[in-house]
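Contents: one structure, followed by commentary.
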There are 2 protein chains.
Amino acid sequence: MASRSTYHHGNLRAALVEGALALVAERGIGALSVAEVARRVGVSSGAPYRHFAHRPALLAATAVEMAHRLTASLRDVLPELHEPLGDLDAVDVTARAAAAYTRFTIEHGAGLDLIFSDELHGLDDRDLLEAGRAVMDALVPTAMTVTHGDARAALRLIERQIAAAHGYAALLRTGFLDRRHPTADDVADHVAAIARSVALTSRDDALT
Amino acid sequence: MASRSTYHHGNLRAALVEGALALVAERGIGALSVAEVARRVGVSSGAPYRHFAHRPALLAATAVEMAHRLTASLRDVLPELHEPLGDLDAVDVTARAAAAYTRFTIEHGAGLDLIFSDELHGLDDRDLLEAGRAVMDALVPTAMTVTHGDARAALRLIERQIAAAHGYAALLRTGFLDRRHPTADDVADHVAAIARSVALTSRDDALT
DNA sequence: GTCTATACTAGGATAGAC
DNA sequence: GTCTATCCTAGTATAGAC
């Protein structure tokens, strides 16, 4: 794509967010630079500043788009919850969601850690808050089913599953796992296993 | 500490590693710069290059020292394993080790992810390989007790516990948890709970 | 063995031309 | 709305003085 000279991008802002997503996916949040994104999109290094005041603003817009996509990914594997779900079924569903979340973070280089990061929280971006809430709303109902309606326990369960996902993703990124599990699906399976273990524990605690 | 002029450090190399450990602890691996470490130690920005050829070499030396300290931390909470251990006891001991590992990574900003990272693996540093092996040697026996002697399952168990630790540590670092659990001990408790759940699952799988 | 000075790279951010 | 040009900051690494 892209020809030369007098670039007339219909929508540079969106193109920049897209480029930022790709860069974060390839090299992680820390490697996101405005200059590199501009280079990828094919504009000058100053151009992005017409759309984003500074690097954190670009990162926040990227996080919003990521949250939208994450919500969509999770909804793909989570049921609508109009009909009740057996609690053993709910355990399996949370494990499936954890696996999906794992694949997402591996493929995108980030997830809820970016969306809810302190770094961006300081910006008070309403779109970001809204998009982050939507992600959690997708996860909570099934977790609540596992914990028999205990909201605090449900959040704790989600947190533990998310932590497992990020931990495995981190080990994969740094190369700790490379002598064993190459694919994202393998890693997602491990996380699903952990997610299942902790969900069963949560459920049993709830039954006490 | 440190006075002015004609710095005569008995051992600048060790001081640099110490400074690097402190910097990694405060700001993470990505923020480690030779210049900043030199500044902290109180020498010029060129001085470190008399002891380390480049940034990765300093990072590797830092990782070696970290591995030594990690091994010591783990040995503090792990039994000598001269006498046999009941398998339920072994589950608890792995959970305790996971908690200790979690506190270590939070306090040091890194752990096995750095020690076994691809970035450093390319250097083929014998000291680092040796030090990394020592960490694993500290963890394996108890895990093997849980898995009734299945070595592959034991490594998988350790990996999952390590992943949980890094995941929670990452969520804490990014600020995702700040609305809930401030202290390292709280986080370590969560990881211990996950570690216990996965250890029980591992044990039950081994009994099948 | 450390210091000073320097060359080079890369990114953040702004000003003014078009 | 994008480009060119520019200034600043910060880091890696090397050379030569002391």
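Residue numbering restarts at 1 for every chain, and letters A, B, ... go by the order of the sequence lines. As a basis for the values below, the full set of heavy atoms in this structure was taken, side chains included, without hydrogen atoms, waters or symmetry mates.
- For A:Thr201 and B:Ser197, the side-chain atoms include at least one donor-acceptor pair closer than 3.5 Å.
- Across the protein-nucleic acid pair, B:Leu12 atom CG and C:dC3 atom C1' stand 12 Å apart, rounded to whole Å.
- Taking every side-chain heavy atom of A:Arg50 into account, D:dT2 is the closest of D:dT2, C:dC3, C:dT14.
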Considering only nitrogen or oxygen atoms on both sides, find all protein atoms under 3.5 Å from nucleotides 6-11 of chain C and state each distance.
from	atom 1	to	atom 2	distance (Å)
C:dG11	OP2	A:Arg39	NH2	2.8

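- Between the OH atom of A:Tyr49 and the C1' atom of C:dG16 there is a distance of 18 Å, given to the nearest Å.
- Just one residue in the list B:Leu112, B:Ile106, B:Val77 forms a side chain to side chain contact (heavy atoms under 4.5 Å, CB included) with B:Tyr101, and that residue is B:Leu112.
- To the nearest angstrom, P of C:dA13 lies 12 Å from CG of A:Leu59.
- With respect to B:Asp137 and B:Arg133, a salt bridge is recorded, a charged nitrogen being found less than 4.0 Å from a carboxylate O.
- Ring centroid separation for the pair A:His121 and B:Phe176 does not come in under the 6.0 Å cut-off.
- Looking only at atom types and distance, the side chain of B:Asp205 has no donor-acceptor partner in the side chain of B:Ser202 under 3.5 Å away.
- Residues B:Arg173 and A:Glu119 are not paired through a salt bridge, judged by the lack of any N-O separation under 4.0 Å between the basic side chain and the carboxylate.
- Between A:His51 and D:dT2 there is a side-chain N or O to OP1 or OP2 distance below 4.0 Å.
- Nearest-nucleotide positions on DNA chain D for B:Gly46 and A:Ala47 put A:Ala47 closer to the 5' end.
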